[in-house]
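All remarks here apply to the structure that follows.
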Amino acid sequence: MTGAVSRDRRRFLTAGAAVLGAAASAQLWLPAAARAAETPLPEGVFSLGVASGDPLPDGIVLWTRLAPDPLNGGGMPERTVPVEWELAEDSRFRKPVRRGTVQARPELGHSVHVDVRGLRPGRVYWYRFRTSGRLSPTGRTRTAPSPHSSGGSLRVALASCQNWQNGYFTPYADMRDQDPDFVLFVGDYVYESVPSATGARIHEGTGEPYTLVQYRNRYAQYRTDPHLAAMHAAAPWVVTFDDHEVDNDFASEIPQDPAKQPHDAFVARLTAGYQAYYEHMPVRASAIPGGPHIQMYRRLDFGRLARLNVLDTRQFRSDQATGQAGAQDPSLTMLGAEQKEWLLGNLHDSPARWNLIASQIMMAETDLQVGEGKLWYYDAWDGYQAERNALMGEFANVSNPVVLTGDRHLTMISDLKRDFADPDSAVVGAEFVGTSISSGGDSDLDAFHRDWDPRLPDNPHWKLVDAHRGYHLFDIRRDGIDAQVRVPETVLKPEAASSVLARLRVEAGEPGVRLV
Ligand code: FE
Ligand code: CA
């Protein structure tokens, strides 16, 4: 879709929302008696907007959270509130398809997650919520293609790492113009860091979040970014978390700083962090946390064109190695036995042309040691090398594996090698590390090149390494994937234009990626 058409669509959506606001009072969603019985809720009850996610061929999750005072615990009364929802084939809701009422409960922060089923595959729908006479903004979403469809194209935006304090979420303005079928967000949706007076914007609160209310306030603040809110309302998202949604570099139930956070305190923190994550994300009820655990690894199929395996590389991993030898310890696991078996089953049984893997952390090797010898990051797959290398062996027998990653706050686009220790070893796949929406702020590109250019000869599998903020956009078709690295001029202003920094291509049946 061209920018001009998208801008027309955006104007149309905006105009549609205004018309809907006026029309809503005339439309009776509830019997008059029931409406009269409602205690009026404060204005701004839909301040956090709307979202949708995890598209199926016949279903989609619709989300909102009632929060008239979003940065102070939400501001809702301590009671269950009915919320009506409606989904239609058109933005003016003249062709309604499904509607119902869902209960917003205080135990879940008055969030609602409607798992709508019985929809038609591969089509756009509009949705909205209503409670206490107030109407939400209108959201637009899209179901996955029919399971039997093998052709067509899929447009996916890969995003990660949006630190509020490092900048504005300007890349989403461009992303919305590109009209992706869905957004894949691979972690660091919020950062748990303390408010910093020197930030481009300042975190709410007075310190790191530990309690449920503190995490809710942090998510709510992030959702007040207008570009983020608009992107959620424009397309479905498929999300997973990394570490900063709870605590930097945590592993399973081990915090970054075990000396400062005793085990029981960290378990309470995980419980709060995961619940706030569920409350704010458009995911199915299967992700309602049970104490300090949340089920996030899952599979989504997009016809016979693409299968997406969303990994959880935090909850089941061994603690990070502390040295080169530890990183090669075969007893270390990233996925845990159960998730590993699940992933291999999905890969080997896949009917799909493309087998996408959403991994929070980078899979290809990063050798930081210039010249002789190697030095790795131990939080990434390099720190869990035996398991990574075994996975590379499996990739040799998988149809077109492509790994989509975040964490690094850099664009790093690589061939995946059967054995990174052997420069002549076979290429078995491709990986895109999708830079960051804002984390790291505007980079000092000279300093970046001074640090990273000398490492290029040690990492011949890297095809592009770059320090601009932004995101990656993929057009997936049977014959290949065309990728764009799209970067904003700056994230230090609320509005900034974006441009294409690089274009790349993955050819079906030819493992690896190349610049075009
Ligand atoms: Fe990050
Ligand atoms: Ca080296």
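All heavy atoms count here, side chains included; hydrogens, waters and symmetry mates do not. Quick caveat: nothing in here was measured; it's all calculated off a predicted structure. Just so you know, ligand 1 is whichever comes first in the structure, and atom 1 is the first atom listed for that ligand.
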Ring-plane angle category for H232 and W237, please: parallel below 30°, perpendicular beyond 60°, tilted otherwise.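 If you compare the ring of H232 with that of W237, the planes turn out parallel.
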Report the C-alpha separation of R388 and D382 in whole Å, then their side-chain angles, then the decisive distance to 0.1 Å, and conclude whether the salt bridge (charged side-chain N to carboxylate O under 4.0 Å, His left out) test is met. CA-CA 7 Å; R388 191 267 315 275; D382 275 342; 2.9 Å; yes
Answer yes or no on whether R223 is positioned over the face of W63, meaning its NZ or CZ is under 6.0 Å from the six-membered ring centre and within 45° of the axis.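 Output yes; distance and angle both within limits.
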Distance from T313 atom OG1 to Q360 atom CD, nearest 0.5 Å?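 T313 atom OG1 to Q360 atom CD measures 3.5 Å (nearest 0.5 Å).
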Out of Y297, Y189, Y274, Y278, which residue meets the ring-ring contact (aromatic ring centres under 6.0 Å, His included) rule with F241?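 Of the listed residues Y297, Y189, Y274, Y278, the ring-ring contact (aromatic ring centres under 6.0 Å, His included) partner of F241 is Y274.
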Strictly below 4.0 Å, N to O, side chains only: are K374 and E365 in salt-bridge contact?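 Salt bridge present between K374 and E365.
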How many protein N, O or S atoms are found at a distance of less than 3.0 Å from the Ca ion (ligand 2)?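 The number of such protein atoms is 5.
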If you leave out waters, which protein N, O or S atoms are less than 2.8 Å from the Fe ion (ligand 1)?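 Those protein N, O or S atoms (cut-off: under 2.8 Å from the Fe ion (ligand 1)) are C161 SG, D188 OD2, Y191 OH, H409 NE2.
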Side chains of Y378 and Q324 only: does a donor on one sit below 3.5 Å from an acceptor on the other?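 Their side chains do contain a donor-acceptor pair, which is all the 3.5 Å distance test asks for.
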Candidates P282, P180, S52 - the one meeting side-chain contact (heavy atoms from CB on, under 4.5 Å) with P236: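 Single side-chain contact (heavy atoms from CB on, under 4.5 Å) partner of P236 among P282, P180, S52: S52.
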Check: Y168 ring centroid to H227 ring centroid under 6.0 Å: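 Here the rings of H227 and Y168 have centres that are no less than 6.0 Å from each other.
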